[in-house]
Amino acid sequence: MRILLFDWSSYGREYLFSALVELGHDVERIIFDAEKDDKDEEYQKKAIKLLSYGYYDLVFGSNYFPLVATACHENGIPYVSWLYDSPLTRIWHESVYYPENTIFSFDQGLCNALKKHGVERIFYMPLAANAKEEDEFELDEEEKEKYSSDISFVGSLYKDGQEVDEAIEKNNLDFLKGYNDAIINAQCEIAGYNFLEEMSEVENMKTIVEALLPEMVEGYFSSPTMIYANYYLAKKVTHKERCKVLKAVSEKFNMDIYTKDDTSMLSKIVNKGTVGYYDKMPLVFHYSKINLNITLRSIQTGIPLRCWDIMAAGGFLLTNYQEDFLKHFEPGVDFVYYLNEEDLLEKVEYYLTHEEERKRIARNGYEKVKKYHSYKTTIEKMLKIAVEGDCRV
Amino acid sequence: MKIILCRTNKRIENQIKKVLEQEAIEVFEFEETLKEANYEIGYMQKLLEVCSKESPQMVWSMEFIPIVSRVCQMLNILYISWVTEKIYDTLYSETVEAPINYIFIAEKSIYEKTKELNPGHIFYMPPGVFNDGIEEKKGVLLTLSKEKQQKYLMRQDGSGYLWGYIKGITETQKKIYGVSIIEKLITKEIEEEFKETVYRGGIGSDYKEEPIKYLIDDFISDTLTEIEKEEIKEKTKADFIQEGDIEKIGEINIYSTSRKWKKGLPFEAIDIMAAGGFLIINYQDEIEEYFVIDEELVVFEDFEDLEKKIIYYKEHEEERKQIAKKGQEAVKERFALLERLEDMFYILENALGEE
């Protein structure tokens, strides 16, 4: 097939491209400016024109863009979109109902929500990872030492949401502030059930969303509560939770973090700065005894990309509980999950001292990812569903 | 032995009378209407009179009534109360501390909250039932808890932050059955401000100050119970609704507990099962300790789940009857009122023996 890949600065874009080529398709990449998506009319016209020549059989891209969907719709060309970000407001755009779309989401919770809203061509598809080969980890002793950790965490602390905080502060929205704090504290207490989106719309919430996130209002069918929950509350909860968990772990064990964020409030943790996605991050995962995952709270049931990358690098994964894991992996065999802070500390202690078991689990996770979850296998499945209507995932 | 039973118009009082009489205990029913539980002088005089005339060994009631305790203290008679409802604020009356009181509490979290108010005299005693049949109707019957509402009064308005926070906790708890997270979410600041803002009404100067976290917990639980009552009425589209004591049972019996009844089944729910009624109840902590879910009773996780289950069990009569039958057997075996009363007498004997 002749496939046009709408390419933008997403993680894994290189793997995506190679996999499409490996599958024997004629792939053209077009660098897409996501910022111009549904706001720039000229850009939209260009996209429609590009597809009007009838050269491409199918358009592929990670995440979902209303502009691309519209261009495909105007020309009757199938659009395959693979969601890997959450939250992703664009998915709540009215264009999502176009019959040309086939949308795959790594989060079963999001699939269910979209289905409830009448979106028919939405399917669950987990993210993918290309398993690394042993020789990619050959390092000299000094380098090895550099990337070794007892426990490590790669990711942001999500200090987002300041603009909302400021607006609340400036306008004395005390009721909303109290409401936020209670919801955030409650969600931090409860694992495995995300209720942020189900909260009711309290006074001023809509005003805040309209004032601060105007681009998410027009043409979108998501409610103000949904936007507020995913773009503000979820990040606040994640920030609070990550700080709390990292503090608890780093106070008892040797822990490294790879992040751009300031971690001065976590006095015992070693902040090693950022790490390159393609070259250095796999080394961190490979050489850490335990790799921690704390999922961003706007992801409902899905497995975050970090987990796939950990397993693909042969790393041992210790994660919070996310329901979709059980579709593909066996807990305690391929990966390990924790239920709460106390459980996490016990498991860190246990797996630091049980090397054989830890290595065996990492190996099992690696083998499964290699066998079933490479980009090639996953994309092949998606194209089958999109083109042939084969829904056996 | 002779017992005076101070009646407050509860179904369980009839059942207790029957069981005690079967055990050859004489029960005198004191039927004076109680208008005010603490200082009603008319009630006190009449009870004093009856006690002097009847010379009972004990006075009983199905909630803790301070004025009854006062009378028993004067006459030095044992006062046995069994708190089978969610209202327990009278336990903060100073009269609770008297050694003649023996208080049994049918709900574990209320027991945990109050046991220190008179150590060695307050015990946990789950509900028991002696049901000898009740009218059965066709259709879906919804039973809701009904108790006199506790009063909350305001000293001042309170900040927007406080009410926003309270609203947040209420909404979150609404999503969750079987686990109470209210207490975990109450911060020191909220506690302080709530204390300045809200207080319990109708409480005399001889009352101890109730820990503020319990007051907030009760306030939120009561608010939530009221909201949920309206919602469930709308959602179930029941053919009949009854509040409080059961007067009849239906083919399908839905019960929604008060949010203050955090653990186990309340008396009315057990009463329904004992009468052979098929019960669907909101999921509660500790249900599994007493019952096999889906074999002896059915639980719902939220209103959506409840709606589905009503439809399912309307269509599956045999399965429903089977569950009701097993449920009835389970209640007869594990919640026999006679056994509860025997346990109470056993505890009393031991406690009195020690003193």
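Keep in mind that what you see is a predicted model, and the values were worked out from it rather than measured. Chain identifiers are assigned alphabetically (A, B, ...) following the order of the sequence lines, protein sequences preceding nucleic acid strands; residue numbering begins at 1 within each chain.
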Q. Side chains of Y165(B) and N185(A): donor-acceptor distance under 3.5 Å anywhere?
A. yes
Answer yes or no: are there more than 12 heavy-atom neighbours, outside [X] itself, under 6.0 Å from its atom [atom1]?
X	atom1	result
K347(A)	NZ	yes
K233(B)	NZ	yes
E251(A)	CD	yes
E304(B)	CD	no
D262(A)	CG	yes
E323(A)	CD	no
E209(B)	CD	no
K115(B)	NZ	yes

Q) Measuring heavy-atom distances to chain B, does I184(A) have an atom under 4.5 Å in its side chain, in its backbone, in both, or in neither? A) neither
(Q) Which atoms of E203(A) are under 4.5 Å from chain B, going by heavy atoms: the side chain, the backbone, both sets, or neither? (A) neither
Q. Pick from T172(B), V179(B), L185(B): which one makes a side-chain contact (heavy atoms from CB on, under 4.5 Å) with E189(A)?
A. L185(B)
With rounding to the nearest 0.5 angstrom, report the [atom1] to [atom2] distance, [X] to [Y].
X	Y	atom1	atom2	result
S200(A)	K174(B)	OG	NZ	8.5 Å
M199(A)	K167(B)	CE	NZ	9.5 Å
L173(A)	Y161(B)	CG	OH	13.5 Å
N194(A)	K175(B)	CG	NZ	11.0 Å
I169(B)	Y179(A)	CD1	OH	12.0 Å

Q. Is chain A contacted by the side chain of I181(B), its backbone, both, or neither, given a heavy-atom distance below 4.5 Å?
A. side chain
Q. Checking I176(B) against chain A: side chain, backbone, both or neither under 4.5 Å from a heavy atom?
A. side chain
